There are 2 protein chains.
Amino acid sequence: MSSSLKEVAARAGVSARTVSNVVNGSARVSAQTRQRVQEAIDELGYRPNLAARSLRAGRTGIIGLAIPELHSPYFGELAGLLVDEARRRSWTVIIDQTHGDAEAERRLLTGDGGRVMDGLIISPWALEAQDLATTAPSLPMVLLGERSPQGMADRVAVDNVAAADEATTHLLTLGRRRIAAIGLQPHLQNGTAEQRAEGYRRALRRAGVRPRPEWERAVGSLHRREGARAMAELLDGGTAPDAVFAFTDELALGAMHMAHTRGVRVPEELAIVGFDDIEDGRFSHPTLTTVSPDKRQIAARALQCLADRIYSPDNEVPASDLTIPHRLVVRGSTSGTQAH
Amino acid sequence: MSSSLKEVAARAGVSARTVSNVVNGSARVSAQTRQRVQEAIDELGYRPNLAARSLRAGRTGIIGLAIPELHSPYFGELAGLLVDEARRRSWTVIIDQTHGDAEAERRLLTGDGGRVMDGLIISPWALEAQDLATTAPSLPMVLLGERSPQGMADRVAVDNVAAADEATTHLLTLGRRRIAAIGLQPHLQNGTAEQRAEGYRRALRRAGVRPRPEWERAVGSLHRREGARAMAELLDGGTAPDAVFAFTDELALGAMHMAHTRGVRVPEELAIVGFDDIEDGRFSHPTLTTVSPDKRQIAARALQCLADRIYSPDNEVPASDLTIPHRLVVRGSTSGTQAH
DNA sequence: GTGAAAGCGCTAACAG
DNA sequence: CTGTTAGCGCTTTCAC
C-alpha cells in the first residue's frame with residue numbers, strides 16, 4: 001500500500017542508511033544525495049512507519065490520558081489543554097474514558113492488552129488509594145486529583161481543603177449562615193469530595209456555625225441533573241438554606257436551575273458558589289461565583305512530570321506532589337452585580 | 001524493562017510460537033502447557049509489545065479523531081461518544097485538536113510525520129473542499145460536517161438546510177417576524193454555516209419575510225463570547241429583532257447572556273433557538289430551544305463507515321454520504337413554560 | 001559520507 | 001499439538 005524506506009533507497013540509488021539519515025537528519029549527508037533522496041521520497045509519497053520506529057526505539061511517542069468522561073466541561077477543557085501541551089512536546093495522546101468504572105481504571109494501570117503508551121496521565125475516580133498502590137504501576141504515571149497513595153506516582157492537584165474553605169468563607173462573609181454543601185460522594189471514598197467537604201466544615205466551624213449533616217447532600221454523579229435534584233431536596237427540607245457551596249460548577253448550575261424553577265431568587269435568597277470555573281458559569285444567569293483552578297498550569301505540570309519520568313533513566317526519583325494555585329472568582333451568583 | 005515473549009517461552013520451557021498461541025488463542029494448546037505458560041506470563045508480568053505486533057500486522061488498532069477543539073460542549077460530547085464507540089470495536093483513539101487551523105488539518109490528512117492511524121475521523125473547519133480534494137487521502141477517512149467534495153471520502157452529517165429551516169419556521173410560527181441569525185462565517189467558506197444560513201433564508205422567504213443582511217451576523221468563533229458580541233450589535237442596531245436563530249447553542253447562550261445583561265426578557269421580547277443540543281441548554285435560564293442532532297448515531301455511523309473502509313480490501317467502494325436525523329426540541333427560550 | 005547487516009518483539013508459514 | 005524460522009520497517013553499530 002505505502003512505500004518503505006527500502007524502496008526509497010532503491011529508487012534514489014542509495015542505501016537504507018542514507019535515507020534514514022535524510023529523514024531524521026541524524027548524520028551529515030551531502031546536499032546532492034539529500035536532494036536525490038528527497039525527490040524519491042516525494043515521488044513515492046513515503047511516510048515512515050511508526051510501528052517499526054517504535055519497535056526499534058522502545059518508545060511510541062504516545063501517552064495516555066484517562067479521565068472519567070470527555071463529556072464534561074471541566075474534563076473536556078482539561079483534556080484540550082493536555083492535548084495541546086503534549087503536542088508541544090511532540091507527543092500524541094490516546095484518550096480513554098473510564099466513566100468512573102473501577103475495572104476500566106485498573107485495566108489501564110496494569111497496561112492490560114499491551115504496552116502502547118510511554119506514560120499515563122490519569123484522573124482516578126472509582127479506584128481507591130488502596131487499589132492504586134497494589135496495582136503495580138507498569139509505566140510512568142501522573143495522577144490528577146486526590147487519590148495518590150504517598151510515593152506511588154506523581155500527583156498534581158489543587159489544595160481542595162483550602163479552596164473549599166475559601167469558598168465557604170466567602171459565603172459567610174456575605175452574612176449567610178444556612179450554608180448547604182452539594183457534592184459529597186460517600187460511596188466512592190472520593191478524596192476530592194471528602195477534602196472539599198472538610199474545607200467546608202472547617203470554614204463553618206471557624207465562624208462558629210455548626211455543620212448540619214442534613215445540609216451536606218450526596219450526589220450520584222457530578223452532572224447538572226444531580227445538582228438540581230440535591231437542590232430540590234434542600235428546598236423541600238425543613239429549613240431552606242440561604243447559600244450553597246457546590247463541589248463542581250456543573251452541580252452548581254444544576255442547583256441554580258432548580259432555584260429558578262422553584263422561584264427562588266439568586267443571589268438574593270440563595271447565594272451559590274461552584275468549583276472548576278467552566279465556561280458555562282461565565283455566561284449563566286446569573287453568572288457563577290466559583291473556585292478557579294489554574295488548569296493551564298495543571299496541564300503543563302502534569303506533562304512536565306511525565307516527561308521527567310519518561311526521559312529520566314533513574315527510576316528512583318521520589319514522587320512529587322504538586323499543588324496548583326487556585327483563586328476565588330466572585331460573580332453574580334453571590335453578588336448583586338453581574339460582574340464578569 | 002519489561003519482559004518479552006521469548007523470555008516467557010524460555011521460562012515456561014516452550015517455544016515462542018506456543019506462547020503466542022496462548023496469548024492470542026490462535027491455535028489449540030494443551031491445558032497443561034497453557035497453564036505453564038500462563039504462570040510464566042504472570043510471574044514475569046509479561047505484556048505484549050504492541051509496536052511489534054502492529055509492525056507485523058500492518059495495522060495499529062489506533063484511529064485518529066481530529067476536531068477543532070475538545071473544549072467545546074458539542075465536540076466534547078461527540079468525542080466522548082466516538083471514543084466509547086471505538087472502544088466497543090477494540091480501537092483506541094488518538095485525539096488531535098486542529099483549532100480550526102488549516103495547516104494542522106492538512107498535516108493530518110497527508111499523514112505527515114508517519115503512519116500510526118488505521119483511519120481518521122475528521123471534522124474539518126478551516127480546510128475547504130478544494131483543499132481536501134487535492135490533498136491525497138493517505139488513509140481511510142470519514143468526514144464529519146459539510147465539507148466533503150463528492151466522492152472523496154465518507155461523510156456523516158445532518159441536513160443543515162432543513163434543520164435551519166425548521167428552527168426558523170418555529171420562530172415564525174410564534175409570530176416573530178424580526179428574526180436575526182447569528183453564526184455566519186464568511187471568511188471560512190464554511191459549509192455548515194452557509195447551509196444553516198440558507199435554511200434560515202429559505203424559511204423566511206417562504207413566510208413572505210424578506211431576509212435583511214444586517215440581521216445576519218458573522219462571528220469569529222463559535223464561542224459564547226462571540227454570540228454575546230453579535231447580540232449586543234443587534235440590540236444596538238436600528239430595529240431590534242424579536243427572535244434569534246443562533247447556529248450553535250454556545251452562540252445562543254452567549255446571546256441569551258447579553259439579552260439578560262441588557263434587560264431584554266427571554267422569550268417574551270426575544271425568542272432564541274440554538275443548534276447542537278448541548279447539556280448547558282437543558283439547564284440554562286430559561287432553558288434553550290434547539291435543533292438536536294442524533295449525536296449517538298453520528299458516532300456509530302462514522303465508526304461503521306471507517307470500519308468498512310479499513311477492513312474492506314476493495315478500495316473502490318464509492319464514498320457514502322449519510323444524513324443523520326435531527327429534531328427540534330422546544331424549551332423555555334421560545335415558550336412560556338420552562339419545559340424540560 | 002555511505003554501505004552492509006543485525007535485531008527490536010511479534011506472528012505465521014512450514015515442518016514435524 | 002509444538003518447534004523453527006523468516007521477515008514486518010526501521011535504526012544503528014561496524015566497516016569502508
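Remember, predicted model here, so these are calculated numbers, not experimental data. Note: hydrogens, waters and symmetry copies are ignored here, and every other heavy atom, side chains too, is used.
- Remark: E77(B) pairs with K295(B) by the salt bridge (Lys or Arg N to Asp or Glu O under 4.0 Å) rule, at least two apart or across chains.
- Listed by chain and number, the residues in a salt bridge (Lys or Arg N to Asp or Glu O under 4.0 Å) with D96(A) are R87(B) (sequence neighbours excluded).
- Side chain of D154(B) to backbone of V142(B): no donor-acceptor contact under 3.5 angstrom is found.
- With no hydrogens or angles considered, a side-chain donor-acceptor pair links R89(A) and Q304(A) at under 3.5 Å.
- Remark: S20(A) engages N24(A) in a side-chain hydrogen bond (donor to acceptor under 3.5 Å, both in side chains) (not counting sequence neighbours).
- S123(A) is linked by a side-chain hydrogen bond (donor to acceptor under 3.5 Å, both in side chains) to nothing, counting only residues two or more places apart in sequence or in another chain.
- Comparing dT11(C), dT2(C), dC10(C) by their nearest atom to the side chain of S15(A) picks out dT2(C).
- E85(B) is linked by a salt bridge (Lys or Arg N to Asp or Glu O under 4.0 Å) to R88(B), counting only residues two or more places apart in sequence or in another chain.
- For D321(A), the side-chain hydrogen bond (donor to acceptor under 3.5 Å, both in side chains) criterion is met by R155(A), not counting sequence neighbours.
- In this structure, T33(B) and R56(A) both approach DNA chain D, and ranking their closest nucleotides by distance from the 5' end singles out T33(B).
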Extract all donor-acceptor atom pairs below 3.5 Å that involve side chains of residues 63-74 of chain A and protein atoms in other chains or at least two apart in sequence.
residue, atom, partner, partner atom, Å
E69(A), OE2, H223(A), NE2, 2.5
S72(A), OG, F75(A), N, 3.3

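- Dashed line: the shortest gap from a side-chain N or O of T18(A) to OP1 or OP2 of dG3(C) is under 4.0 Å.
- With sequence neighbours left out, E43(B) forms a salt bridge (Lys or Arg N to Asp or Glu O under 4.0 Å) with R11(B).
- On the nucleic acid side, DNA chain D contacts chain B at distances under 4.0 Å to non-hydrogen atoms, with the end points of that region at dC1(D) to dG9(D).
- In this model, the phosphate group of dT11(C) is approached by a side-chain N or O of N24(B) to a distance below 4.0 Å at OP1 or OP2.
- Five base pairs at each end of the helix from dG1(C)-dC16(D) to dG16(C)-dC1(D) define two local axes, and these are offset by 40° (rounded to 10°).
- S30(A) has a side-chain polar atom (N or O) that falls below the 4.0 Å cut-off from OP1 or OP2 of dT2(C).
- Residue S54(A) forms a side-chain contact (heavy atoms from CB on, under 4.5 Å) with just one option from I62(A), D118(A), V116(A), T60(A), and that option is T60(A).
- Between L55(A) atom CG and dA6(C) atom P there is a gap of 17 Å when expressed in whole angstrom units.
- Distance, R53(B) CZ to dC8(C) C1': 16 Å, rounded to whole Å.
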Under-3.5 Å N/O pairs linking protein and nucleotides 14-16 of chain C:
residue, atom, partner, partner atom, Å
dC14(C), N4, R17(B), NH1, 3.3

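- For DNA chain D, none of the residues of residues 34-43 of chain A falls under the heavy-atom distance limit of 4.0 Å.
- L50(B) places its CG atom 9 Å from the P atom of dC10(C), with the value rounded to the nearest Å.
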Worked verdict on I298(A) versus L78(A) for side chain to side chain contact (heavy atoms under 4.5 Å, CB included): CA-CA 8 Å; I298(A) 291 178; L78(A) 193 57; 4.0 Å; yes
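- Under a 3.5 Å cut-off, the side chain of T98(B) and the backbone N or O of D101(B) do not form any donor-acceptor pair.
- Remark: P of dG9(C) and CD of E7(B) are 8 Å apart, rounded to the nearest angstrom.
- The distance from the CD1 atom of I94(B) to the CH2 atom of W91(B) is 14.0 Å, given to the nearest 0.5 Å.
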